[in-house]
Amino acid sequence: MDSIFTKIINKEISSDIKYEDDYCIAINDINPKSEIHILVIPKKPIINISTSKDSDKDLLGHLLLICKKLAKQFNLEKDGYQILTNIGEGGGQTVMHLHFHLLSGNAVTL
Ligand code: AMP
């Protein structure tokens, strides 16, 4: 079954798109947990890092570099930022389509 992110990628539901290319889309989180909260989502419907394959290496690298690019674009470098991904229900994942959270403004401390 398609996740809500597949519907966003296919423009079946609207979102606040910050970046898009052939491999991914970046949108504002609908329920932001910090001042800046962007989701970087691959167009390929990988569930999470656990289900990714060795052959996804380039895609995973691309997603992180897009996080970096957006952090620069939104001037997050000086104050710092976080890139987080949740894995599985027990890991806090609610949408079963891989995504990286790009967060800045009130860091989650570990
Ligand atoms: P996670 O809990 O790691 O799976 O994160 C899922 C994130 O997706 C949450 O931060 C939600 O607020 C966000 N989210 C859910 N539906 C939408 C939507 N339609 N547009 C933007 N963000 C969404």
Side-chain angles (χ1 to χ4, degrees):
M1 201 186 81
D2 284 352
S3 74
I4 194 153
F5 291 166
T6 299
K7 293 190 169 75
I8 285 173
I9 289 161
N10 293 334
K11 314 282 165 58
E12 290 162 17
I13 61 172
S14 65
S15 64
D16 184 6
I17 299 172
K18 296 297 170 198
Y19 174 85
E20 183 170 13
D21 64 24
D22 288 347
Y23 306 102
C24 70
I25 191 166
I27 61 169
N28 263 339
D29 196 293
I30 203 166
N31 180 19
K33 316 302 185 300
S34 60
E35 270 171 51
I36 300 284
H37 188 171
I38 296 171
L39 303 172
V40 178
I41 306 165
K43 291 187 173 176
K44 181 177 177 184
I46 298 168
I47 294 172
N48 58 35
I49 290 289
S50 279
T51 69
S52 67
K53 303 208 162 51
D54 288 354
S55 56
D56 294 318
K57 180 174 72 171
D58 287 351
L59 175 60
L60 296 177
H62 180 70
L63 297 171
L64 289 173
L65 290 171
I66 294 305
C67 288
K68 181 188 88 163
K69 184 187 176 87
L70 288 165
K72 191 174 175 62
Q73 185 182 323
F74 284 85
N75 293 314
L76 307 183
E77 289 169 330
K78 181 168 162 284
D79 291 336
Y81 59 95
Q82 294 178 302
I83 298 171
L84 304 177
T85 189
N86 294 325
I87 298 150
E89 277 179 34
Q93 185 176 9
T94 57
V95 178
M96 295 301 152
H97 184 135
L98 176 66
H99 49 284
F100 289 102
H101 298 260
L102 174 65
L103 300 150
S104 184
N106 53 326
V108 177
T109 48
L110 300 175

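In each ligand, atom 1 is the first atom listed, and ligand 1 is the first ligand listed.
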*Asks:* Which value, rounded to the nearest 0.5 Å, describes the distance between Ser104 atom OG and Glu35 atom CD?
*Replies:* 7.0 Å
*Asks:* Under a heavy-atom criterion of less than 4.0 Å, does Thr85 contact ligand 1?
*Replies:* no
*Asks:* Any heavy atom of Asn28 sitting closer than 4.0 Å to ligand 1?
*Replies:* yes
*Asks:* Please could you name the atoms of ligand 1 that Phe5 approaches to less than 4.0 Å, counting only its heavy atoms?
*Replies:* 8 (O)
*Asks:* Mind checking whether Phe100 contacts ligand 1 via backbone (N, CA, C, O), side chain (CB onward), both or neither, at a 4.0 Å heavy-atom cut-off?
*Replies:* neither
*Asks:* For Tyr19 and Asp21, test the side chains for any donor-to-acceptor distance below 3.5 angstrom and give the result as yes or no.
*Replies:* yes
*Asks:* Do Leu98 and Leu60 come within less than 4.5 Å of each other through their side chains, counting heavy atoms only?
*Replies:* yes
*Asks:* Using a strict threshold of under 4.0 Å (side-chain N to carboxylate O), is an ion pair present between Lys43 and Asp22?
*Replies:* no
*Asks:* Nearest 0.5 Å please: distance from the CG atom of Asn28 over to the CD1 atom of Ile36.
*Replies:* 7.5 Å
*Asks:* State plainly whether the residues Lys68 and Glu77 are in salt-bridge range, i.e. N to O under 4.0 Å.
*Replies:* no
*Asks:* Determine, considering heavy atoms only, which of Asp29, Ile38, Ile13 sits nearest to atom 11 (C) of ligand 1.
*Replies:* Asp29
*Asks:* As an exercise, identify every atom of ligand 1 less than 4.0 angstrom from a heavy atom of Leu39.
*Replies:* 8 (O), 13 (C), 22 (N)
*Asks:* Going by the atom numbers of ligand 1, which of them fall below 4.0 Å from some non-hydrogen atom of Ile4?
*Replies:* 19 (N)
*Asks:* Any nitrogen or oxygen of His99, main chain or side chain, under 3.5 Å from a nitrogen or oxygen of ligand 1?
*Replies:* yes
*Asks:* Going by heavy atoms, is Met96 under 4.0 Å from ligand 1?
*Replies:* no
*Asks:* Near Lys33, which atoms of ligand 1 are under 4.0 Å from a heavy atom of that residue?
*Replies:* 9 (C), 10 (O), 12 (O)
*Asks:* Near Asn31, which atoms of ligand 1 are under 4.0 Å from a heavy atom of that residue?
*Replies:* 12 (O)
*Asks:* After noting the C-alpha distance and the side-chain angles of His99 and His97, does the key distance pass the ring-ring contact (aromatic ring centres under 6.0 Å, His included) rule?
*Replies:* CA-CA 6 Å; His99 49 284; His97 184 135; 7.9 Å; no
*Asks:* Roughly how far, to the nearest 0.5 Å, is the CG atom of Asn10 from the CD1 atom of Ile8?
*Replies:* 10.5 Å
*Asks:* If you round to the nearest 0.5 Å, how far is CG of Leu65 from CG of Leu70?
*Replies:* 11.0 Å
*Asks:* Report yes if His101 has an N/O atom closer than 3.5 Å to an N/O atom of ligand 1; otherwise report no.
*Replies:* yes
*Asks:* Ignoring angles and geometry beyond distance, decide whether Val95 reaches within less than 3.5 Å of ligand 1 through its nitrogen or oxygen atoms.
*Replies:* yes
*Asks:* For ligand 1, which atoms, with element, lie under 4.0 Å from some heavy atom of Gln93?
*Replies:* 4 (O)
*Asks:* Between Thr94, Ile8, Ile30, flag the one that comes closest to atom 23 (C) of ligand 1 by a heavy atom.
*Replies:* Ile30
*Asks:* Taking only heavy atoms of Asn86, which atoms of ligand 1 are found under 4.0 Å from at least one of them?
*Replies:* 1 (P), 2 (O), 3 (O)
*Asks:* For ligand 1, is there an atom lying under 4.0 Å from some heavy atom of Gly92?
*Replies:* yes
*Asks:* Please verify the inter-ring angle class for Tyr23 with His62; under 30° counts as parallel, over 60° as perpendicular, anything in between as tilted.
*Replies:* perpendicular
*Asks:* Side chains of Gln93 and Asn48: do they bring a donor and an acceptor to under 3.5 Å?
*Replies:* yes
